[in-house]
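Taking it in order: structure first as structure tokens, then the write-up.
Residues: numbered from 1 along the sequence shown.
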Amino acid sequence: MALADSARGLPNGGGVSPAAGPGSGAAGSSAFPEIVELNVGGQVYVTRRGTVVSVRDSLLWRMFSQQQPGELPRDSKGRFFLDRDGFLFRYILDYLRDLQLVLPEHFPERSRLQREAEYFQLPELARRLAQGRGAAGGGTRPAALYRDGSLCADEPPALLGYLEAEPRSPSGGPLLTPSQSLDGGAGRRSGYITIGYRGSYTIGREAQADAKFRRVARITVCGKTALAKEVFGETLNESRDPDRPPERYTARYYLKFNFLEQAFDRLSEAGFRMAACSSTGTCAFAPEQGGPADDKIWTSYTEYVFCRD
């Protein structure tokens, strides 16, 4: 990655003499605004410059104390850009604020967060995450199997699947229902995923000849968190419902791409088939929306239900 190379390849830590302090170089604190905007993998964060330079010799410290603003990559709106996992960066930023590691209960991304900590050159955070993994895994304990067939060595015993204790709901019953059977030896659970999208198009006097379609703005994903992550992986945007446990349901995820066929392909490759679909639509005259007098604007919402037995 160009950003990491440029940051790590600074001579003498960014052109500052060894005797100079962290803010005494040409790119001292006055070169950056007090409030900085970061675009991390498409997620926008606004924080104080003092926060991002709080850990000396870290990657962010080098970027924002040893370089000039003009040397750092920016997005189209002028925000400083980092090509990393935007969702996990929230925990990096939380750590930089008070140097404390506080993670949600049943946090499933400890390994990936450790990788991010190592990338941002935060050795103490990486060490704490590695210790947490060892405590959760019991040292040499083998990785356990989740009910969705994914392997996990990061979770405490209460969350482990078949190799450990039976997962229980808050009421004391099993987390799995009879419909959530495993597919033979493949380790894939049955379940449903609903894909939805809103679309609109304008029809003028000449009907189809004048039809103007808009692209799909957002494809939403509803269903069990574990299933959604299994199917869509890194293309799933979890920003509206982060830290959702694997056995919980959500209706707030959406995809990072806008092609329905791409979503259908992923579902098909994961063994899902379409079980049902439905659509509703409303019509408004264009003048009410600031358009030509004779045009009609149709807005529709469509859902596709996919099932895996």
Side-chain angles (χ1 to χ4, degrees), residues 1-10 13-16 21-104 107-129 218 233-244 252-257:
M1 176 181 160
L3 176 58
D5 293 340
S6 62
R8 292 171 175 158
L10 296 173
V16 182
S24 60
S29 60
S30 61
F32 288 89
E34 175 63 21
I35 305 299
V36 295
E37 292 186 61
L38 306 174
N39 178 345
V40 186
Q43 300 298 307
V44 176
Y45 294 88
V46 181
T47 187
R48 292 182 178 275
R49 175 187 169 275
T51 298
V52 297
V53 299
S54 60
V55 177
R56 186 181 176 87
D57 294 327
S58 67
L59 178 61
L60 291 172
W61 178 84
R62 294 189 182 196
M63 289 173 56
F64 289 94
S65 69
Q66 307 298 292
Q67 290 187 270
Q68 293 284 352
E71 297 175 333
L72 303 181
R74 296 177 182 250
D75 65 7
S76 59
K77 295 187 178 180
R79 307 183 187 99
F80 297 108
F81 179 76
L82 296 97
D83 189 16
R84 299 301 295 179
D85 191 312
F87 306 114
L88 292 179
F89 186 75
R90 61 184 298 191
Y91 303 110
I92 299 291
L93 196 58
D94 283 346
Y95 173 78
L96 292 175
R97 290 188 175 111
D98 53 17
L99 302 184
Q100 297 293 322
L101 175 60
V102 180
L103 298 177
F107 184 67
E109 306 285 359
R110 189 179 291 268
S111 297
R112 294 178 58 194
L113 182 56
Q114 181 182 346
R115 183 179 63 187
E116 294 299 300
E118 293 168 351
Y119 173 84
F120 285 105
Q121 300 173 34
L122 299 169
E124 178 61 21
L125 176 58
R127 183 186 65 81
R128 295 185 190 181
L129 289 165
R218 177 175 291 178
E234 295 293 334
T235 66
L236 192 68
N237 193 321
E238 308 170 42
S239 60
R240 297 196 304 168
D241 196 8
D243 311 323
R244 174 71 63 167
R252 298 179 61 81
Y253 287 169
Y254 62 94
L255 300 178
K256 297 179 182 179
F257 53 82

For [X] against [Y], the heavy-atom pair lying closest together:
X	Y	result
E234	K256	O-NZ, 2.9 Å
A31	P69	O-CG, 2.9 Å
F64	L38	CZ-CD2, 3.6 Å
V102	Y91	O-CD2, 4.5 Å
Q121	D57	OE1-O, 3.4 Å
A117	A126	CB-N, 3.9 Å

Would you call [X] and [Y] a side-chain contact if the rule is heavy atoms closer than 4.5 Å?
X	Y	value
F87	N237	yes
L82	M63	yes
L60	L122	no
R49	S65	yes
V36	T51	no
D85	L113	no
R74	F80	yes
I35	R48	yes

Interatomic spacing from [atom1] in [X] to [atom2] in [Y] - rounded to 0.5 Å:
X	Y	atom1	atom2	answer
T47	E37	OG1	CD	11.0 Å
L59	Y119	CG	OH	5.5 Å
L99	D94	CG	CG	11.5 Å
L101	R110	CG	CZ	6.5 Å
R62	R56	CZ	CZ	10.0 Å

TODO: Using the six-membered ring wherever Trp is involved, compare the ring planes of F120 and F89 and label them parallel, tilted or perpendicular (cut-offs 30° and 60°).
DONE: tilted
Task: Electrostatic pair E118:R115 at N-O distance under 4.0 angstrom - done: no
Task: N-O pairing of E124 and R128 below 4.0 Å - done: yes
Task: L236/L255 under side chain to side chain contact (heavy atoms under 4.5 Å, CB included): CA gap, chis, key distance, verdict - done: CA-CA 5 Å; L236 192 68; L255 300 178; 3.8 Å; yes
Task: Any donor-acceptor pair under 3.5 Å from Y254 side chain to S239 backbone - done: no
